[in-house]
There are 2 protein chains.
Amino acid sequence: MAVRMQDVAARAGVTAATVSLALSGSTRISAATRERVTRIAEEMGYRPHVGAQALRTDSTRSIGLIVSDVANPFFADLAGEIQRAAARHRYSLVLCNSDEDPDRQDDYLAALLAGRRVDGVIVVPTAAMTPGLRQAGATRARIVLLDRPVALTSRDAATKHLAQSPIVRSDAREALDEVAELLTGLGHRRIGIIAPPLQTQVGQERRDLLVDALVRRGVPRRSITVAEGDFRQDSGATATAQLLARRQPPTAIFAADGLMAVGALKGLRSAGLQVPRDVSLVGFDDAPWFDLFDPPLTAIAQPIVALASAAVDAMLALLAGESALGSQPACQLVHRGSCGPAATGRAA
Amino acid sequence: MAVRMQDVAARAGVTAATVSLALSGSTRISAATRERVTRIAEEMGYRPHVGAQALRTDSTRSIGLIVSDVANPFFADLAGEIQRAAARHRYSLVLCNSDEDPDRQDDYLAALLAGRRVDGVIVVPTAAMTPGLRQAGATRARIVLLDRPVALTSRDAATKHLAQSPIVRSDAREALDEVAELLTGLGHRRIGIIAPPLQTQVGQERRDLLVDALVRRGVPRRSITVAEGDFRQDSGATATAQLLARRQPPTAIFAADGLMAVGALKGLRSAGLQVPRDVSLVGFDDAPWFDLFDPPLTAIAQPIVALASAAVDAMLALLAGESALGSQPACQLVHRGSCGPAATGRAA
DNA sequence: CTGAAAGCGCTTACAG
DNA sequence: CTGAAAGCGCTTACAG
């Protein structure tokens with residue numbers, strides 16, 4: 001049996017209530033008693049039973065994190081930083097993987113929230129809106145939306161509450177503008193975009209931001225082709241094959257996700273194409289090993305540490321009953337070797 | 001307020017005790033009542049308060065996982081698979097990152113176990129033995145050792161209990177034997193090993209297994225040089241520099257970790273060396289993007305899914321009070337392009 | 001400044 | 001087959 005507050009109280013010759021007050025640092029307890037109790041608790045290795053605390057205070061001091069895929073290095077890093085940030089505030093992290101499956105996401109949401117396993121959930125939404133998300137909104141759960149916004153078109157109370165939820169994600173506008181500048185500067189006119197699922201808002205946004213930046217620089221809209229991926233590596237390869245199969249294939253490709261960029265590079269290779277000689281490639285999400293690729297991959301890096309601490313700060317504010325603002329730290333383009341002049345033989 | 005068992009009972013016109021029994025499927029309750037209660041609970045979206053359950057039953061239905069670094073793709077994948085396996089049994093996963101720091105590991109161990117936040121902990125030990133690990137043993141905590149063994153030299157009760165803890169890790173013997181075969185077959189005689197910290201058992205083992213396999217094939221022991229790393233990328237680069245600085249630098253390098261292999265490749269490059277023309281390289285841990293490297297990295301892949309389910313199965317057995325066996329699924333060498341004939345100009 | 005008491009939401013012997 | 005009651009380990013108003 002682990003040591004209970006009762007045991008500490010007995011040893012200190014006081015009552016459990018006094019121990020509780022002493023350990024919480026209440027000034028209602030004399031300094032002498034407080035110190036003695038604290039010391040004894042320490043000696044005995046006392047830790048409060050979190051279940052009992054949760055029952056009494058309705059606070060578990062843990063938060064849930066539902067990511068779409070921890071095997072994706074971006075989310076792995078993010079999860080690690082979020083755990084670190086949470087631990088700094090003595091919060092535990094319950095990790096779940098939705099695997100991009102809305103039903104799984106909703107299962108985890110319900111298990112975490114309704115079961116009071118956690119005080120709030122940081123979630124990377126797998127779809128624009130799901131019943132579970134709406135349900136979480138209806139119960140006024142503490143939710144932080146990470147990396148992806150959700151569709152807030154309905155007017156019901158659940159949606160209205162969800163609309164109050166802070167959303168933390170990176171701002172790719174400038175970086176995508178730089179990508180447009182880079183590619184047009186290299187003479188590219190036919191651009192392929194491997195987008196995230198287009199029924200999600202990130203999908204539409206990353207596409208639109210790049211398309212607009214390209215059009216602003218004189219690239220005709222119809223020479224920009226979009227292939228839809230699903231954030232996973234294989235979809236990057238498939239989408240690449242689709243883009244290459246067009247009558248006028250792109251001379252440069254932007255993959256809106258790290259794993260899809262890896263897939264795109266594989267797809268390009270298996271088509272016998274050289275990067276950047278035949279086709280230029282820019283990825284989204286960066287990794288320490290991208291500069292070992294052949295060629296080193298030019299990519300947009302997300303501000304992972306900033307995202308993690310913003311998400312945790314937002315959650316803590318929510319838990320403190322304060323209104324929490326979202327945050328949009330900026331991305332940064334990392335220039336490496338996967339972009340080159342548009343191949344003239346293939347140019348429009 | 002979330003719906004409580006009491007609310008379900010009121011709606012069903014029974015008492016809370018009956019609801020509890022009905023939901024747990026007890027045959028002490030008539031089938032009719034059981035079904036009705038179950039249906040009503042479902043309709044009301046009832047989920048038991050895990051804190052209350054934990055307090056009453058001393059079981060949280062969640063397990064802790066302390067990895068050394070989730071940013072390491074091997075551990076990210078492993079954590080993902082463990083979460084998946086745990087979820088299949090309706091267990092939650094509380095994730096912690098020790099960051100290879102024994103003190104942090106011990107903090108998490110204490111917080112998780114003493115606070116009864118979880119029923120047991122799967123831990124990747126950061127050192128051969130730590131006070132926290134010993135303490136966990138002393139309280140007969142349910143511990144599964146993952147990826148790395150610990151030193152069980154002491155004879156005290158704590159260590160004895162820890163010695164009962166199942167240990168789940170991959171078996172690299174055959175794969176390392178294959179590496180020795182491959183490298184000696186290519187004419188390599190001077191081999192460099194970038195080992196994990198040598199005060200850990202994995203460190204010694206991965207080194208010894210490869211050294212023995214090489215010696216068995218006629219490589220003189222003194223032409224094998226070992227540089228110590230710390231599982232992180234930078235240490236791979238540093239260790240590589242050390243190996244290259246020797247009077248007789250190795251013609252082939254084995255990096256005993258995925259991140260250190262990435263570091264090694266970077267180190268080789270910044271030394272102006274070409275792989276595999278000048279130096280051959282073999283890594284430990286595989287990743288889907290290793291074949292995009294220049295050159296594609298030959299590496300030993302660990303059986304991640306098998307490790308994850310073995311770890312969870314072992315934990316479930318422990319929680320069920322059964323004696324749990326460890327497991328050692330085998331690794332597999334993945335041949336790619338980073339090994340070539342020993343450079344004659346540099347050969348012994 | 002400290003103690004005695006109630007109660008958070010469950011589960012499980014114990015009655016009937 | 002179901003109900004009434006106790007108790008898991010805490011915290012917090014209420015006495016004194």
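Order of the sequence lines sets the chain letters (A, B, ...), proteins ahead of strands, with each chain counted from 1.
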Engineer: Would you kindly give the NE2-to-C1' distance between A:H49 and C:dG9, to the nearest whole Å?
Structural biologist: 13 Å
Engineer: Please report, rounded to the nearest Å, how far the P atom of D:dA13 is from the CG atom of A:L21.
Structural biologist: 10 Å
Engineer: Between A:R4 (CZ) and D:dG7 (P), how many Å, whole number?
Structural biologist: 13 Å
Engineer: Please give, in whole Å, the distance from C:dG7 P to B:Q6 CD?
Structural biologist: 14 Å
Engineer: If you pin B:L55 and B:T18 to their nearest nucleotides in DNA chain D, which one's is more 5'?
Structural biologist: B:T18
Engineer: Between atom CG in A:D58 and atom C1' in D:dT12, what is the gap in whole Å?
Structural biologist: 15 Å
Engineer: I need the CG-C1' distance between B:D7 and C:dC8, as an integer number of Å.
Structural biologist: 13 Å
Engineer: For DNA chain D, find the residues of residues 22-40 of chain A with a heavy-atom distance under 4.0 Å and give them by number; none if there aren't any.
Structural biologist: A:R28
Engineer: Can you tell me how far apart CD1 (A:I167) and CD (A:Q201) are? Round to the nearest 0.5 Å.
Structural biologist: 8.0 Å
Engineer: Any chance you could encode DNA chain D as dot-bracket? Rule is Watson-Crick or G-U wobble with both distances under 3.5 Å; [ ] for pairs crossing earlier ones, | for another strand.
Structural biologist: |||.||||||||.|||
Engineer: Expressed in angstrom and rounded to an integer, what is the separation of A:R117 atom CZ from C:dG9 atom P?
Structural biologist: 17 Å
Engineer: Quick one: is A:Y46 getting a side-chain N or O under 4.0 Å of the D:dC10 phosphate, OP1 or OP2?
Structural biologist: yes
